[in-house]
Amino acid sequence: MALNKDKRMAEEQAEFKQQTKQILKRFGRKRSNLIPILQKVQGKLGYLPREAMLEIAEFLNMPDIDVYSVVTFYNQFRLNPPGKHSIRVCLGTACHMKGGYITLDAWKRRLEIEPSETTPDREFDLDTVACVGCCTMAPVTVVDNKPQGKVEPTKVDGLLLGFELERKKQKPGGQLPTDEA
Amino acid sequence: MKAAELPTIVSTFRDIKDRAESHWRELRDNSKAVIMVGTATCGRAAGAMEVLKALRDEVKKRNLDCPVIEVGCMGHCYSEPNVTITKPGYPPICYAHVNPVIAERLIKEFILGDDPCLEFVLAAAEENDLVPSFSDFPRAQYEKKVVLKNCGQIDPQQIEHYIAHGGYAALSKALQMRPEDIIDEVKRSGLRGRGGAGFPTGQKWETCRYAAGRSKYIICNGDEGDPGAFMDRAIIESDPHSVLEGMIIAGYAVGARYGYIYVRAEYPLAVHRAEIALRQAQKLNLLGKNILGSDFSFDIKTFQGSGAFVCGEETALIESLEGKPGLPYNRPPYPATRGLNGKPTVINNVKTLASICHIIENGAEWFASIGTDGSKGTAVFALAGKVVNTGLAEVPMGTTLRQVIFDVGSGIPNGKRFKAVQIGGPSGGCLPESALDLPIDFDSLTDAGAMMGSGGMIVLDEDDCMVEIARYFLEFTQRESCGKCTFCRLGTKQMLEVLDEITKGKGRIEDIDMLMELAQDIKAGSLCGLGKTAPNPVLTTLRHFRDEYEAHILEGRCPALMCADLITYYIIPEKCERSCDACVGTCTVEAISPNKQRIKVIDQEKCVKCGTCLTACPPQYNAVIKVSPPSEVPAPKKGKTRK
């Protein structure tokens, strides 16, 4: 069993390497390409695994630690895998004054995770965002890249219920359960 | 410019313009109705894409010859999603809060029938006898649209629309001028940078033009990191070509070959629309080699900022463009002499660049005739918070805060009282009612302790706690501090801890002096604008709302009933209606239950203070209240059992 898991991890790592290499083909070996590369790789893999960062450092001929320093400096980059659905709670001024922090509390309570974490079943990841510029719809939560306006604790429950129903609808359709052992 | 090229530029541009105008005439030839849906991010958050789909489906189903096009944001964000219908025989009518059902009705009853569905109307775009128009709104007498002129009127994804509305004429004119004359024109217009600091744009260009170095750069700073500001997003989403045109003219004036549009990755739609605009401009040779047949070549690329507030600072922005962490460095040398890759670089805000084409087209004198002595032109504000008409507003410099908040924004909703206005984001400050008659310009706002900032304006009412808002901004700057300067890194952390304690009712009265002292040190000991201005929210709230700090510290009371640790929710038994269960069902943590008399009681142990019960309690009972300090809540009477 443990062997299986190791094998799967190795396969996954090889896959990350492969896909990073594919993306790197489109870029020149200039340091100024670092951020666009990281954005593209994260866009493809969902996050920046260690293997991808090492690959990028080698490609740009720069120390590994410098890639890591850029990745951790900017809020956009993440080091852990995302969930199936992304929840981004806006904490801009307007959202804050209209109760964005209460909305964040509600998400935390329901998903039982802290910001920048992913639920153990990898269904949801929770994060905050400084401002998405929809201040007139405050408080805003960006759910799967779609800004949702006026998200108060009751709407949090409503949105989660929507996902729940969707999952139930898909189940009888014969979708294989993911083995998250 | 060589004399032989002038006729080429004129004739090339005339061809492009003719084609664009015929394209526009075809769309608006007055024989068919045209539907425009506002699909900027603010519209999308309100459901504009569903409305767009409903309209397109309906048009297709009924086989109508009625184009449905996407436009940007008109600035009336409070009434999103907006749909504007232009039907022959009617003025263009704008509808508010449209949903797919209303959309279907508009097609059935207005496009097919003759009922303009007046119940959904926001206003007409032109004066007429049928419906009130935007010019009848009180805000019309203060607004002056220059930069926002095209927003919401054209499809940002079709360059023809922009050209048909006079776009790129300024570029054609500029290419026939000498670069020195363009710089002179911009200098005479008195245009000051719209990113917040208000540096004269012409002067920056001149420095860059005469700086040594062959390759130079133009950067459009669209890293609008201020929480609560969305002007730049709206402009790039609604009228990207006006920004491109400004950049190309800037490039010609300073002798640059390349440009970058730096947009936050949090604005995916803005990035997308800027990229479409770039491709279209390249196709028409408005960008690229030998623009319009002249000997000037210029290329622009987009760059996505990765979500660091400090990157709005120009030197940090350059660092991040070079692929490094965005740490600001010391100036001088200013980027205008040594910037990106060590080359002279002009960095201008989105709104600055969007103003350029209007200055070139209408002349410096026209632009200088708007505004005040020290600040020329218009100011674009993003109005948000506790104000009725949230959205975008463009007013001449010198308009007072009162006019913007009460006339343009229609005041405070729900009959609440105005308390303060927060201007300039984390670098700005909170101004109280006594400052409302200040004219808005760069200098008067700085004198009042706030700053123009990039133009976010958050209105606060009596329910907003000033200590909490100061704490909020400090939390933001503390998190976003890049960590280079000690005072900014550690000082903001220290201030935040003090403020945290105060909002929890654990503050000491000496803390106020300590905050003042720390604020001065941080201002003096920081390199860039982030640190220099980070204490502003604390300083202005201390200056104008010291009593609130004292109430928190001395009485453990939050006067605005906002700080969670200092309030308790309480249901007044005399007011609670026995037959009503509204709060019980909505409580997100099941903390409310009826007692034996069916009067609802909150279990304070379970309560998370989310306020849902307060909203749920029907207005005829109004039994839920907030109490501060929590010790004021009457103890439950003996003999009452919960559950």
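Below, chains carry the letters A, B, ... as their sequence lines are ordered, and counting in each starts from 1.
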Whatever's closer than 4.5 Å to a heavy atom in chain A on B/Glu480 counts as side chain

So NZ of A/Lys98 and CG of B/Asp463: to nearest 0.5 Å the spacing works out to 11.5 Å

**Study point:** Exam field: side chain A/Tyr74 to backbone B/Gly326, donor-acceptor pair closer than 3.5 Å
**Key:** yes

Whatever's closer than 4.5 Å to a heavy atom in chain B on A/Ala130 counts as both

Review point. Do other residues, nucleotides or ligands put more than 12 heavy atoms under 6.0 Å from A/Lys155 NZ?
Key: yes

So CG of A/Asp105 and OG1 of B/Thr588: to nearest 0.5 Å the spacing works out to 9.5 Å

Greatest number of non-hydrogen atom pairs under 4.5 angstrom with chain A, of B/Phe473, B/Phe476, B/Tyr78, falls to B/Phe473

Applying a strict 4.5 Å limit to non-hydrogen atoms, the region of B/Leu460 in contact with chain A is side chain

Under 4.5 Å to a heavy atom of chain A? For B/Val310 that would be side chain

Counting heavy-atom pairs under 4.5 angstrom with chain B, the leader among A/Gly149, A/Pro153, A/Gly99 is A/Pro153

- Any side-chain heavy-atom pair from B/Cys482 and A/Phe73 closer than 4.5 angstrom? yes

When the 4.5 angstrom heavy-atom criterion is applied to B/Thr615 and chain A, the contacting part is neither

The interface call for B/Glu322 against chain A, heavy-atom contacts under 4.5 Å, is backbone

Here the gap from B/Cys610 atom SG to A/Tyr101 atom OH, rounded to the nearest 0.5 Å, amounts to 10.5 Å

*Sidechain-backbone polar pair: A/Asn75 side chain, B/Ala308 backbone, donor-acceptor under 3.5 Å*: no

Between the OG atom in A/Ser32 and the CG atom in B/Asn341, the distance rounded to the nearest 0.5 Å is 6.5 Å

- prompt: Any sub-3.5 Å donor-acceptor pair from A/Gln39's side-chain atoms to B/Gln304's backbone N or O?
  reply: yes

- Crowded around A/Glu112 CD? As in, over 12 foreign heavy atoms under 6.0 Å? no

Practice item. For the residue pair A/His96 and B/Glu468, establish whether any side-chain heavy-atom pair is separated by less than 4.5 Å. Key: yes

Chain A shares the most heavy-atom pairs under 4.5 Å, among B/Gly228, B/Ala40, B/Ala45, with B/Ala45

The interface call for B/Arg264 against chain A, heavy-atom contacts under 4.5 Å, is side chain

When the 4.5 angstrom heavy-atom criterion is applied to B/Met562 and chain A, the contacting part is both

Applying a strict 4.5 Å limit to non-hydrogen atoms, the region of B/Phe303 in contact with chain A is side chain

Shortest non-hydrogen pair, A/Val70 vs B/Pro325, comes out as CG2-CD, 3.6 Å

For A/Ile35 and B/Lys324 the tightest heavy-atom approach is CD1-O, 4.3 Å

For A/Thr93 and B/Pro227, indicate whether the former's side chain and the latter's backbone hold a donor-acceptor pair under 3.5 Å.
yes

Answer key: most heavy-atom pairs under 4.5 Å with chain A among B/Cys77, B/Gly323, B/Gly47 is B/Gly323

Under 3.5 Å donor-acceptor, B/Tyr472 side chain and A/Leu91 backbone: yes

Just wondering, are more than 12 heavy atoms of other shown residues or ligands nearer than 6.0 Å to CZ in A/Arg50?
-> no

Bottom line for B/Cys311: the part with an atom under 4.5 Å from chain A's heavy atoms is side chain

Smallest heavy-atom separation, B/Lys609 atom then A/Ile102 atom, equals O-CD1, 4.0 Å

**Study point:** More than 12 heavy atoms from other groups under 6.0 Å of NZ on B/Lys301
**Key:** no

Take atom NZ in A/Lys40; do more than 12 heavy atoms of anything else shown fall under 6.0 Å from it? no

Bottom line for B/Ile458: the part with an atom under 4.5 Å from chain A's heavy atoms is side chain

Whatever's closer than 4.5 Å to a heavy atom in chain B on A/Arg110 counts as side chain

If one checks every heavy atom of A/Met137 against chain B at 4.5 Å, the contacting part turns out to be side chain

Here the gap from B/Arg233 atom CZ to A/Cys134 atom SG, rounded to the nearest 0.5 Å, amounts to 5.5 Å

Tightest non-hydrogen contact, residues A/Gln76 and B/Ala265, listed as NE2-CB, 3.4 Å

Applying a strict 4.5 Å limit to non-hydrogen atoms, the region of B/Thr612 in contact with chain A is side chain

Cut-off 4.5 Å, heavy atoms of chain A, and the answer for B/Arg44 is backbone

Practice prompt. Verify the neighbour count for atom OH of A/Tyr47: are there more than 12 heavy atoms of other residues, nucleotides or ligands below 6.0 Å?
Written response: yes

Chain B shares the most heavy-atom pairs under 4.5 Å, among A/Ala94, A/Cys90, A/Cys135, A/Ala138, with A/Cys135

Distance col, row B/Tyr267:OH vs A/Cys131:SG, nearest 0.5 angstrom, shows 5.5 Å

